[in-house]
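Everything on this sheet refers to the single structure shown next.
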Amino acid sequence: MTLTVGAARHGSGRGRREVPGELSARVPAEQRGPGRGRDDVRLLVSRGTEAAHHAFRELPGLLRAGDLLVVNTSPTLAAAVDGRIGSTRVVVHFSTRGDDGRWAVELRDPDGRGTTRARAGGPAGTEVRLAGGARLTAQEPLSPGSGRLWWARVSPAGAVPGLLREHGRPIRYSYTERDQPLSVYQTVFALPSPDGSGSAEMPSAARPFTAGLVAELARRGVLFAPVTLHTGVASAEVHEPPYPERFVVPRASARLINDVRGGAGRPAAGRVIAVGTTAVRAVESAAGADGVVRARAGWTDLVVTPARGVRVVDGLLTGLHEPEASHLLMLEAVAGRAAVDRGYEAALDGRYLWHEFGDVHLLLPEERADAEHCSGNQQ
């Protein structure tokens, strides 16, 4: 498997690079050798077109007292469940819980290797028999013309949280080596959701954080603003733009973000750095045209692009994933196209590992020539 990165993804013709399959992270960092932990990954730091190589454990020395990390508290669900349509085996990926109790689901075919391959959704009325006697009935596409995700109702009503706990497993993609327990897919920031909602796929940018690293960041004066955005099932084959997802920006987090950003004659106290593209989508969905973040909860269909820009976020910590347009366009909105292209080239040259178990990329604003040389908490 190869992935294409670089400017040519937008048709510029400036050349392209392919990501060799061996750069896919097949197991979590803590399983790659004795004594290793989640934070044993590499950290590429981009400031404009300047790229530097670090260990993730160096993050506290790369941030400053007063900087704010926006983190996603959504828990990862055991969202893959085996089922049957007649005598045919299928795998159901539970993606998003609707306000009416239905779930957006993706039907997949098992590939015989422990992972799955694409399968057309529907048609309406298709019934899937699930473990424990539950039944799923496809009702309508998530959006007109969509063949991948369908709204479906599960009976008995309210059965899905228990079904996932008892019979579900984390969604696994073909580049990974083996099934993993759900705990491997939970981040240190994850909190249980009262209604059983969560993310079909891990908010993976936060995976390298450990309790010890969070404590060290807090000791050095770095702040944290929790938000929630429940991620749905990505379109691994066709790279569709994200569809509406549920999010919450609490009042306390909105106030903290605004305080750090300054404004109305007040200087900025630090930089607002989102941990993951999900955190960007949540906080930017709660920001008005004036850049002020307000407490919000509901659904967001925001797609962050360079044309739209960002109103709140100064920097972004993110993984190295498939270079679908929606993902890289968000990075470009935060850091600019030149920075993203140079960062991805540096990641390839440095043999960084891709995907949710891989290395991470910190995009920071360029330092001004007249900026203070003192970096606060750097040591």
Side-chain angles (χ1 to χ4, degrees), residues 71-85 89-108 110 114-116 121-122 126-142 148-173 179-204 206-207 226-234 242-250 276 278-279 281-282 297-300 356:
V71 298
N72 187 359
T73 64
S74 178
T76 306
L77 301 175
V81 178
D82 292 325
R84 286 187 179 272
I85 300 175
R89 292 180 58 225
V90 296
V91 177
V92 180
H93 288 174
F94 284 85
S95 182
T96 305
R97 181 184 179 277
D99 292 335
D100 60 0
R102 296 188 299 175
W103 282 76
V105 302
E106 180 186 34
L107 299 185
R108 307 276 295 184
T115 53
T116 61
T126 297
E127 186 174 271
V128 183
R129 301 193 313 276
L130 302 170
R135 291 181 179 267
L136 178 150
T137 304
Q139 294 188 328
E140 60 182 334
L142 183 69
R148 184 175 71 93
L149 290 164
W150 279 64
W151 284 116
R153 194 166 293 280
V154 175
S155 59
V160 173
L163 177 72
L164 301 188
R165 284 194 303 270
E166 295 177 27
H167 302 286
R169 61 186 179 276
I171 291 174
R172 177 188 157 203
Y173 291 107
D179 285 345
Q180 298 285 348
L182 183 59
S183 59
V184 165
Y185 291 88
Q186 301 296 4
T187 75
V188 72
F189 304 111
L191 296 173
S193 179
D195 63 1
S197 296
S199 288
E201 297 180 353
M202 170 178 55
S204 56
R207 190 183 188 279
V227 299
T228 302
L229 186 137
H230 296 314
T231 67
V233 177
Y243 54 85
E245 294 170 318
R246 294 172 65 192
F247 81 105
V248 178
V249 175
T278 60
R281 199 179 193 204
W299 294 82
T300 177
E356 68 266 29

- Query: Within the distance-only criterion (no hydrogens, no angle test), does the side chain of Asn72 pair as donor or acceptor with the backbone N or O of Ala279 below 3.5 angstrom?
  - Reply: no

- Query: For Val233, does its backbone N or O pair with a side-chain atom of Ser95 as donor and acceptor, under 3.5 Å?
  - Reply: yes

- Query: Can you list the steps and then say if Val160 with Arg97 is a side chain to side chain contact (heavy atoms under 4.5 Å, CB included)?
  - Reply: CA-CA 9 Å; Val160 173; Arg97 181 184 179 277; over 6 Å; no

- Note on the structure: Nearest heavy-atom contact between Ala80 and Val91 is CB-CG1, 4.2 Å

- Give a yes or no on whether the backbone of Glu201 and the side-chain of Thr231 come within a donor-acceptor separation of less than 3.5 Å. yes

- Does Gln186 use its side chain to pair, donor to acceptor, with the backbone of Thr76 at less than 3.5 Å? yes

- CG of Leu191 to OG1 of Thr228: how many Å apart, nearest 0.5 Å? 7.0 Å

- Specify the closest pair of heavy atoms between Pro203 and Thr187, including all atoms of both residues, with the distance to one decimal. O-CG2, 3.6 Å

- Got a second to check how far His167's NE2 is from Asp82's CG, nearest 0.5 Å? 10.5 Å

- Query: Are more than 12 heavy atoms from other residues, nucleotides or ligands located less than 6.0 Å from atom CZ of Arg129?
  - Reply: yes

- Item | Reported CZ-to-NE2 distance for the pair Arg108 and His93, which is rounded to 0.5 angstrom | 6.0 Å

- Item | No-hydrogen, no-angle side-chain donor-acceptor test under 3.5 Å, Asp100 and Trp151 | no

- Query: Just how far is it from atom CD of Glu106 to atom OG1 of Thr116, taken to the nearest 0.5 Å?
  - Reply: 7.0 Å

- Task: Would you sort out whether Trp150 and Thr126 count as a side chain to side chain contact (heavy atoms under 4.5 Å, CB included), showing the intermediate values?
- Result: CA-CA 11 Å; Trp150 279 64; Thr126 297; over 6 Å; no

- Minimal heavy-atom distance between Pro226 and Pro250, with the atoms involved, is O-CD, 3.4 Å

- Query: Given Val81 and Phe94, is the side chain to side chain contact (heavy atoms under 4.5 Å, CB included) satisfied, shown in steps?
  - Reply: CA-CA 8 Å; Val81 178; Phe94 284 85; 4.0 Å; yes

- Query: Got a donor-acceptor contact below 3.5 angstrom from the Arg153 side chain to the Gly101 backbone?
  - Reply: no

- Smallest separation among heavy atoms of Leu142 and Ala104, with atom names: CD1-CB, 3.9 Å

- Message: Show the nearest heavy-atom pair for residues Val105 and Ala152, with the distance to one decimal.
- Response: CG2-CB, 3.9 Å

- Message: Could you measure the distance from the CD atom of Glu127 to the CG atom of Leu136? Nearest 0.5 Å is fine.
- Response: 8.5 Å

- Message: If only side-chain N and O atoms count, and only distance matters, is there a donor-acceptor pair under 3.5 Å linking Ser197 with Arg246?
- Response: yes

- dist Glu245:CD -> Arg281:CZ (nearest 0.5 Å) comes out at 4.5 Å

- Quick one: closest heavy-atom pair of Thr96 and Gly232, and the distance? OG1-CA, 4.0 Å

- Stepwise, does the side chain to side chain contact (heavy atoms under 4.5 Å, CB included) test hold for Val92 with Leu107? CA-CA 5 Å; Val92 180; Leu107 299 185; 3.6 Å; yes

